[in-house]
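Here is the structure we will look at, set down as structure tokens.
Keep in mind that the numbers below use all heavy atoms, side chains included, and drop hydrogens, waters and symmetry copies. First the proteins, then the strands, lettered A, B, ... as listed; each starts at 1.
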Amino acid sequence: MRLSLDFYQKDAITLARDLLGKYLVRNIDGEEVIAKMVETEAYVGPEDKACHAYQNKRTKRTEAMFKRGGYTYVYLIYGMYNCFNVVADPKEKPEAVLIRAVEPIKGLEIVKQNRSIKSKRKQDLTNGPGKLCQALDIDKSLNDYDLTNGNNLYIKDSKRRNKGNYDIISDRRINIDYAEEYRDKPWRFYIKGNNFVSKR
DNA sequence: CCTGCGATCGTCT
DNA sequence: GACGATCGCAGGA
């Protein structure tokens with residue numbers, strides 16, 4: 001079942017944990033790709049020096065983070081890759097969860113097409129924030145997109161019985177050395193033992 | 001296995 | 001004008 005509005009109205013750290021194991025669903029020209037989210041990072045609003053909305057910095061780019069939970073925040077990084085975030089919290093609280101890695105569940109052929117790589121290791125298809133955006137064809141056209149309404153992109157519960165009963169590891173976030181005392185906050189979360197996690 | 005490096009461009013100063 | 005919530009490749013151990 002698609003996650004409802006209230007699921008997202010919580011702080012980014014809680015949401016980052018709760019999103020693990022949930023299914024990200026992407027419709028590309030009628031073809032469905034489904035991927036399980038296995039690694040996330042919380043970006044915790046005005047206080048967090050690693051967050052784009054640090055000190056409530058409000059620009060065209062960060063505007064989506066100020067939406068209520070359940071919207072997307074997608075931005076271009078290093079001129080060539082996209083990063084996909086799920087906005088948390090009620091309106092005006094700029095917190096979001098970066099999806100760092102997913103595990104393909106359905107539509108593997110499409111994923112392989114979207115990712116033309118030499119590596120034959122399956123995990124290299126989606127074990128990174130830029131990689132999974134390529135794999136699921138997520139770019140800025142899906143920024144500021146309502147995950148609770150649209151059909152192009154949404155999140156659903158896995159039907160499995162393991163309702164979030166994963167062993168969850170928390171660790172430092174990746175590549176935010178500039179964030180001073182927030183650099184080492186344990187706000188990255190991943191499913192223990194999962195092969196698609198980008199870094200352990 | 002690991003480290004270093006270049007690619008590439010929208011966004012903000 | 002500078003830079004980045006990254007990636008893939010090359011080269012060495």
Is the phosphate of [N], meaning OP1 or OP2, less than 4.0 Å from a side-chain N or O of [X]?
X: Y75(A); N: dG4(C); answer: no
X: N175(A); N: dT6(C); answer: yes
X: R100(A); N: dT6(C); answer: yes
X: R115(A); N: dC7(C); answer: no
X: K140(A); N: dT11(B); answer: yes

Which part of the nucleic acid does [X] contact within heavy-atom distance under 4.0 Å: base, sugar-phosphate only, or nothing?
X: D124(A); result: nothing
X: G79(A); result: base
X: R173(A); result: nothing
X: L98(A); result: base

Would you mind reading off the distance between [X] atom [atom1] and [N] atom [atom2], rounded to a whole angstrom?
X: K118(A); N: dA10(C); atom1: NZ; atom2: C1'; result: 11 Å
X: Y54(A); N: dG4(C); atom1: OH; atom2: C1'; result: 18 Å
X: E39(A); N: dA5(C); atom1: CD; atom2: P; result: 16 Å
X: L76(A); N: dC3(C); atom1: CG; atom2: P; result: 18 Å
X: H52(A); N: dC3(C); atom1: NE2; atom2: C1'; result: 11 Å
X: I138(A); N: dA5(C); atom1: CD1; atom2: C1'; result: 15 Å
X: M80(A); N: dA5(C); atom1: CE; atom2: P; result: 16 Å
X: E180(A); N: dA5(C); atom1: CD; atom2: P; result: 14 Å

I'd like to know if [X] pairs up with [Y] as an ion pair, taking the criterion as any Lys NZ or Arg NE/NH1/NH2 lying under 4.0 Å from an Asp or Glu carboxylate oxygen.
X: E39(A); Y: R200(A); value: no
X: K22(A); Y: D157(A); value: yes
X: K118(A); Y: D124(A); value: no
X: R173(A); Y: E41(A); value: no

- Item | ring centroid sep under 5.5 Å plus plane angle under 30, Y78(A) with dA7(B) |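 Given the distance and angle limits, no, they do not stack.
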Residue [X], side-chain atoms from C-beta onward, closest of [options]:
X: K131(A); options: dA5(C), dC9(C), dC7(C); value: dC7(C)
X: Y81(A); options: dG10(B), dT6(C), dA5(C); value: dT6(C)
X: R121(A); options: dT6(C), dC1(B), dA5(C); value: dC1(B)

- Message: If we ignore hydrogens and angles and just use 3.5 Å, is the side chain of T40(A) paired with the main-chain N or O of V97(A) as donor and acceptor?
- Response: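 Looks like no, no N/O pair under 3.5 Å.
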- Item | Pair assignment for dA5(C), Watson-Crick or G-U wobble, requiring both distances under 3.5 Å |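 dA5(C) is unpaired by these criteria.
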- Item | Base paired to dC2(B) (Watson-Crick or G-U; both N/O distances under 3.5 angstrom) |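 Base partner found: dG11(C).
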- Could you tell me how the ring of Y182(A) sits relative to the ring of W187(A): parallel (under 30°), tilted (30 to 60°) or perpendicular (over 60°)?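 Tilted, since the angle between the ring planes falls between 30° and 60°.
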